[in-house]
Visitor: 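Below you will find the structure I want to go over with you.
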Number of protein chains: 2
Amino acid sequence: MEPTGKMNTPVTNSTHSNGNAAGVTEKEMVEGSKANQATIAYRLLKQDIINGAYQPGDKLLMSHLKSHYEIGAGPMREALSQLVADRLVTAISQRGFRVAEMSEEELTDIYDARAHLEALITGLAVERGDEDWEAEVLGEAHKLSRVNEVNTPEEMLQVWDRRHKSFHQAIVNGCGSPKLLEMRASLLDQAERYRQLWLKQTVFSQNALEEKRQEHAELVDALLNRDKAKATELMYGHILSPIPIIRKLLPQSIPAN
Amino acid sequence: MEPTGKMNTPVTNSTHSNGNAAGVTEKEMVEGSKANQATIAYRLLKQDIINGAYQPGDKLLMSHLKSHYEIGAGPMREALSQLVADRLVTAISQRGFRVAEMSEEELTDIYDARAHLEALITGLAVERGDEDWEAEVLGEAHKLSRVNEVNTPEEMLQVWDRRHKSFHQAIVNGCGSPKLLEMRASLLDQAERYRQLWLKQTVFSQNALEEKRQEHAELVDALLNRDKAKATELMYGHILSPIPIIRKLLPQSIPAN
DNA sequence: TTCTACAAAAATATCTACATTTTTTATTAT
DNA sequence: ATAATAAAAAATGTAGATATTTTTGTAGAA
């Protein structure tokens, strides 16, 4: 099956004019710049899978990947194995790689896990967050509430999504645990394809947007009042709320080629 | 620096006489057998890192890895990237791979995250576990309490560790969330090098062993009584308890070569 | 001397092109 | 239809080429 929709195209190693004026250490410079082929492939492919350029279950033919991304088989395999670890791709030895399937079962599990984890982390943030954390949360909440003066619907979607993510990120950043944040990030990546389905429904409905605004306001209120019980409960519900919408939109798994 | 201690040696593809008598589907057979080179490398290297065959910070020279595990650079890179995802290895582009450092900071973070997560999962298990779950927990608890009639100290260590792990696994299996279990497993892998330090101290001290027995008994009691609050609290404390011991044993990070 | 800057050499990491193995598809005979 | 076989496609692995980093050595300046 041919991939659908717009897809990433490899950039001929964006010269990335590393305006290295001064005050940048050797290490910082190097780490920021030239990634290896495997890393490039990983990023492009991950984006394309999340954005739906490939369908769940699609076979990821090495010949196609090589020519499309202009990357050799070795680095491409490296990228693919990483995506397997991320659960966005599945592999069977000697039979190659496929885009991970989506299912109602997985939807339920991911969101259940996310809700519990995000609630846990939020509770810790309430206990551990300092004034800077409060300020960040408030600031991001404000920016999110002001996503109106935007141009196209497409832009609206992207801006709202970006700020919504930042808002939640600001909240959880207070938890003080890098490991919990890593796990949360991983789960969020796994949820991303499902989230995309919900996003369109929500951002383009004044009703839904207003509802979210309300939830966020209550959340901020509980957070700043350091009401742990209320904050965790609100967060739990907030994360679970998209499930019914997504369930309706979930593509029926057609036995992919 | 030369790797220390006993280390895995590649097996010349264990012919693995696949006694495929009957009733085994094609798929089941294939998936169980021949893993590719990258997978083999991943398993061996992961074991060696966890078992301390390499020191934290050790450089993982491609030339050494290739010759020692008798695996080419391509598959080896694939394995290494996966270990980077597991946080057991770090990578810097064009400068290769190193065994991840260990630190008191990370110890604290991992155990904090583990304690919260295991408590969360235990709470869910109490709510969601069925009779089979109860039976499994009870059974594993019993087997763990009977780790006496063993031979060598080395065997004692291994048997106790294995059964202790199974006991905890039986508990969390009741939570009903594959994703939460995955995250827990990942965190457990990351904790493993720290746990090993604690294990020797515990298994070879009658005092410590008795204490653990006590904790486990209380835990089982709370679980079977479906006392969620008590079970989660006990579990939280149980997971955190090794920290002081490990902290003392933690090797001082010597700037590795 | 002692330090610094530079250049060359060596070591290392990474990638590519091709060889090999395995699976899948097509074809033919039963 | 079914099973066996051959051909094609695909996945995986290897060896060697290329690019990058690190080390070493040297000459000049302080």
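To find a chain, count down the sequence lines: A is the first, B the second, and so on, and within it residues start at 1.
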Visitor: For Asn36(A) and dA13(C), what is the distance between atoms CG and P respectively, to the nearest whole Å?
Guide: 13 Å
Visitor: Tell me if a side-chain donor or acceptor on Tyr194(A) pairs with a main-chain N or O of Arg247(A) at a distance below 3.5 Å.
Guide: no
Visitor: Working to the nearest 0.5 Å, report the span between NZ of Lys200(B) and CD1 of Ile245(B).
Guide: 13.5 Å
Visitor: Just by modelled atom types, is the Asp132(B) backbone N or O under 3.5 Å from a matching donor or acceptor in the Asp130(B) side chain?
Guide: yes
Visitor: In whole Å, what is the span from the NZ atom of Lys66(B) to the P atom of dA11(C)?
Guide: 15 Å
Visitor: Could you give the CG-to-C1' distance, from Leu80(B) to dT12(C), as a whole number of Å?
Guide: 14 Å
Visitor: Nearest whole angstrom, please: distance from the P of dA15(D) to the CD of Glu70(B).
Guide: 12 Å
Visitor: Name the closest nucleotide to the Leu61(A) side chain, picking from dA10(D), dG13(D), dT16(C).
Guide: dA10(D)
Visitor: If you find the nucleotide of DNA chain C closest to Gln94(B) and the one closest to Gln94(A), which residue's nucleotide is nearer the 5' end?
Guide: Gln94(B)
Visitor: OP1 or OP2 of dA13(C) sitting under 4.0 Å from any side-chain N/O of Lys59(B)?
Guide: yes
Visitor: Can you measure Glu78(B) atom CD to dA11(D) atom P for me and round it to whole angstrom units?
Guide: 13 Å
Visitor: Would you kindly give the CE-to-C1' distance between Met62(A) and dT12(D), to the nearest whole Å?
Guide: 8 Å
Visitor: Strictly below 4.0 Å: does Arg77(A) bring a side-chain N or O up to OP1 or OP2 of dT12(D)?
Guide: yes
Visitor: What contact category does Ile71(A) fall into here, base, sugar-phosphate, or nothing, at under 4.0 angstrom with non-hydrogen atoms?
Guide: nothing
Visitor: For Ile92(A) and dT22(C), give me the distance from atom CD1 to atom C1', rounded to whole Å.
Guide: 14 Å
Visitor: Checking the side chain of Ser186(B) only, and the main-chain atoms of Glu182(B) only, is there a donor and an acceptor separated by less than 3.5 Å?
Guide: no
Visitor: Please report, rounded to the nearest Å, how far the C1' atom of dA13(C) is from the CD atom of Gln37(A).
Guide: 13 Å
